[in-house]
Amino acid sequence: MMSHEAFVFLSYAATALTLSGLLVGILLDGRGRRRELAELEAQGVRRRSRPAGGVK
């Protein structure tokens, strides 16, 4: 039978692993979105939130 300390340790380890995986996924997705934005802007597509002349 598993001791209480082992259960707590495994629970924390599983949580840390899950959060680390989510963080890596978010960072990789962000890099992909920035790459897609750069490609779109290189094609001449502009964001609606940015004024046409580039001046705020």
Side-chain angles (χ1 to χ4, degrees):
M1 188 167 196
M2 190 178 348
S3 69
H4 177 71
E5 292 84 12
F7 174 77
V8 171
F9 175 75
L10 290 175
S11 296
Y12 275 107
T15 301
L17 185 63
T18 301
L19 290 176
S20 297
L22 288 171
L23 179 63
V24 168
I26 289 169
L27 292 174
L28 291 175
D29 186 58
R31 288 176 64 188
R33 299 303 132 235
R34 282 193 296 276
R35 189 179 313 115
E36 288 177 4
L37 278 174
E39 290 173 5
L40 288 171
E41 288 178 352
Q43 294 173 8
V45 178
R46 298 288 178 232
R47 298 185 211 179
R48 286 184 276 171
S49 61
R50 184 185 298 172
V55 179
K56 289 186 177 182

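Just so you know, these numbers use all the heavy atoms, side chains as well, and skip hydrogens, waters and symmetry mates.
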Cluster check Val24, Leu27: I/L/V/M/F/W/Y, side chain < 4.5 angstrom | no
Drop me the distance from Leu17's CG to Leu22's CG, to the nearest 0.5 angstrom.
-> 10.0 Å
Take atom CZ in Arg35; do more than 12 heavy atoms of anything else shown fall under 6.0 Å from it?
-> no
Path from Leu28 to Ile26 over hydrophobic side-chain contacts below 4.5 Å = no
